Amino acid sequence: MFHPVTSKVNLPQIEENILSLWKNNNVFERSVEGRRGAPRFVLYEGPPTANGSPGIHHVLARVFKDVIPRYKAMKGYYAPRIAGWDTHGLPVELEVERKLGFSSKTDIEQFGIDKFNAQCRESVFSYLKEWEAMTERIGFWVDLKHPYITMDNNYIETCWWAIKQMWDKGLIYQGYKVTPHCPRCGTSLSSHEVAQGYQDVNDISIYVRFRLSRRTQPTIARNVLEKLGWDSQKAEWKGEIPSLLAWTTTPWTLTGNVALAVAPDEDYVLVQTSSQQGVTERLILARALLDQALGPDNWQVLEEFQGKDLAGILYERHYEPKPEFVADDRHWRPENHVVSADFVSMEDGTGIVHIAPAFGEEDYELGQLVSLPLVLTVDLGGRLIPNNKPWDSMFVKDADPLILDDLKARGLLYRSEIISHSYPFCWRCDTPLLYYAKQTWYIKTTAVKEGLITGNNQINWYPGHIKYGRFGDWLENNVDWAFSRERYWGTPLPIWRCESCGHPECIGSVKELEGKPGFSGFKQPLDLHRPFVDEITFDCPKCKAKMRRVPEVIDCWFDSGAMPIAQHHYPVDNDTLLEDGRFPADYICEAVDQTRGWFYSLHAISTLLFNRPCFRNVICLGHILDAKGEKMSKAKGNVVEPWAVINKHGADALRWYCLTSSPPGNVRRFSEDMVAEVTRRFLLTLWNVYSFFVTYANIDNFTPGSEVASLEQSELDKWIISELNQLIVDVEATLDDYNPTRAGRRIEGFVSDLSNWYVRRSRRRFWKSENDADKLSAYNTLYQCLVTLSKLLAPLTPFLAEELYQNLVCSVFPQSPDSVHLADFPVADESKIDEQLSVDTQLVMKVSSLGRAARSQAGIKVRQPLAKLLVKVSSEREKSGLKRLASQVLNELNVKSLEFVDSVAELDKPSYVISSEGGYTVAVPTELSPELQAEGMAREVVHRLQIMRRSAGFDIADYITTYYQGEAYIRRVMEDFADYIKQETLSRQLIEGVPEEGVFTESRKLSGYDILLGVKRLG
Ligand SMILES: [Zn+2]
Ligand SMILES: [Zn+2]
């Protein structure tokens, strides 16, 4: 006997019971350890940060992470899965800063780095319980008891080792480079972080004059100078001195201007123009931008030049920097000059670009190329360094209006306007980013660009277009990794530098540090974080002065990217990692934004260290949107909380939606209603089949295992077994191809056929009272389908799969594995696959569906038998297929015979109703003989009695007495069809007359005749 199964199922409740079962029986641990010694299957868990609640997108990734290793374990692989937590970085610091009400790094330092970092350490796991609960509840099997944690000393030590390897290869350098800098967070952002924070904003844009120098210009061709109005003889300008007209959207950067750039091969002009006040002046700008910059018809061209003619012209600076602002004074000159640059465009502005190498990447590179000085007029907090100006110490964006006023007062402002453009903001704190030249530590990833690209060739990407698209492009456009952060809570950069001679050393392990001459000693307990690590000094090997650590920590993406080795404390421990199968991973999975995040940092570090990739297969998930296709955000209030969905519909429903709603790489919409829909469409359909099976099997005392000779199997059984074996083949192939979506959809299609065809067409076989071979075959067939489904579904819907397996297998075969997740994945018996039968049955289903359509068009219920069904198919092959399976069509459509016609014309009769689709046509004759009508009435009565049995609360197997009363016609039908009615309704007797007291009765009209019916359960 199976445990009784209700048709009204509470899936979340069942799942809770199964979670206890797994926990009590250590099923996960045993599913791993039971395979020890078998080939490994390695999942790398991309570590989430546990200082925020898990959202629906985390659930999505965890479901996809889970399904493949579960499958591989059932296929016999040894598949340990280690959880991991990302614990360092700016997000953690910001959370603590917010809590403490800090607004700058000064606040942190006054508070104390030790106390600050202690709070970070605590804050990291504030949502750990919730993450663990969520992970367990959705059935993501991963070892939460022994996770790797990026802030552990061992983990940090492996990162140090990795950095040291790169250092020894000459791949770590420090350089002035312009990086996007958040003045509030006080640190650089990596390019993938910048990409996340663009916003459309309104900014002041100004057209500003740069007056040519009054002095002699020895480097410029005399004819050019004279065209500009220079009197060579007197060595002075004739009349008003002309100005170069430049354009900028960041007025504050003018404080760091060192040059103006022109496009060497474009046309430039000297024009005469008059201002609104009627004052005329002479300006130099690109011809192509005249109208745009000055307005139409407001100018008169005096002379023409090529951009390169103007290179070298000296002009007057607007703001004189203090000497200490000049970071690199080799190239300092008393006057600024015009330079040529390829990047000057004729798209907007004036064709003359203001150059401040400290505040722009292109500007800095140009400065390196043509030897311009670096003038730093802004501090790292984004404030202008005092220089006796009204904007001293102001935040740059706040200084813009004052600078504007100053330029206006000095007659240097030509005009200003407000423009709307896209500007990067800090994705964490929403502060506008500044491009800022500062000293940063770099990993020279460009040195291994070829290795990154060839390594990527070996990786299987799902979806495939990411490989040479989003990820491949990112590698092609590789830039060096700015990996130092001027922050506190992170892996400290293991570089020490002599405070006297500047000699640097990189340290690769704790032991190496302890072995240094003059090593000052660790505080116990050992903590490799700041500020403790900052206190460690040793002797400079060159000059014997003290070596001190540089202040930076490293990008937390380095931490997570080092997880393949750092989680095992390689190479201090586990030094066989690269040979014993734990590296590389077989599988990783995250959302598509990780192409520039974790996917990249994994790949970069692995290539730098070992010159090979560290993952073989990767599923790259699309983003989740709300039901309307809009991005979920707290501000919009359209965020769906995973717990609400799980508590209502269960984890399997959520998993099924995540897995099957759209291909992994696509953007997907999400709402609770959508989860409810798949629950109804798939999970409940399967549940109903399961509940049907168990209910009848228990009534009949069916015991699985009694094989039925295939000779005795009906075509229907052979068909579903063929479909089942084909399903195994397909699910295996799609899961091997990392496509759980297709696997799930394939299973859904099978369950739909099983329910809507196999079970529907077999209902009566289960209902017959005799225990004959056909009935046994039906039981065995359906049993085999359900048991196999439980195994096929185990990786996808582990709870429902377990429920089926526990009841169908464990309860009757105590010697079998005690969980579906300890069982082997099903193996297809391909000899049972009959493709022709599959095709023929598809045709039967097609014809039946057309027949039902014709019936409903004619307004004749399926309960009313019809004399025949006429069918037109497209080949002899189809005709014989349909003949072979004719009984299925006849039963399904309740017709007495099946006839074929050769042309549709034969069906064109007034008494026929036709339905056709895709080359197939069926027709039903609508005339009903008195015999057919009587039989239809008998079926109506049976139908009513069955409803009454249910309403009266009888059991399916209860025998009853049936009472009836009605006109003569009713009596005749009851008598003529007595055997049929008795059998169908389990009536021992049909008694004409008024039912006795206490009998469940009902009076109604059936097909126009009054009838009174009563049912009474027999003891
Ligand atoms: Zn910030
Ligand atoms: Zn030294």
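All ligand and atom numbering here is 1-based and tracks the order in the structure. Given the structure is predicted, the values throughout are model-derived calculations rather than measurements.
- By the criterion of a separation under 2.8 Å, the protein N/O/S atoms near the Zn ion (ligand 2) amount to Cys498 SG, Cys501 SG, Cys540 SG, Cys543 SG.
- Under 3.5 Å, the side chains of Tyr600 and Asn478 contain a donor-acceptor pair of N or O atoms.
- A salt bridge is defined here as a Lys NZ or Arg NE, NH1 or NH2 lying under 4.0 Å from an Asp or Glu carboxylate O, and Arg549 with Glu535 fails to meet this definition.
- In this structure, Lys115 is not positioned above the aromatic face of Phe102 in the sense of NZ or CZ being under 6.0 Å from the six-membered ring centre and within 45° of the axis.
- Each protein N, O or S atom less than 2.8 Å from the Zn ion (ligand 1) was counted, giving 4.
- Applying the side chain to side chain donor-acceptor pair (under 3.5 Å) test to Arg548 and every residue at least two apart in sequence or in another chain returns Glu499.
- For the residue pair Trp252 and Thr255, the shortest heavy atom distance occurs at O-OG1, 2.7 Å.
- Exactly one of Phe483, Tyr173, Tyr176 qualifies for a ring pair (Phe, Tyr, Trp, His ring centres under 6.0 Å) with Tyr442. That residue is Tyr173.
- Taking the side chain to side chain donor-acceptor pair (under 3.5 Å) definition, one finds that Asn257 meets it with Tyr315, Asn336, His354, sequence neighbours left out.
- Look at Glu45 and Lys65 and you find a salt bridge, because one of the NZ, NE, NH1 or NH2 atoms lies within 4.0 Å of a carboxylate O, short of that distance.
- With respect to Asp555 and Arg485, a salt bridge is recorded, a charged nitrogen being found less than 4.0 Å from a carboxylate O.
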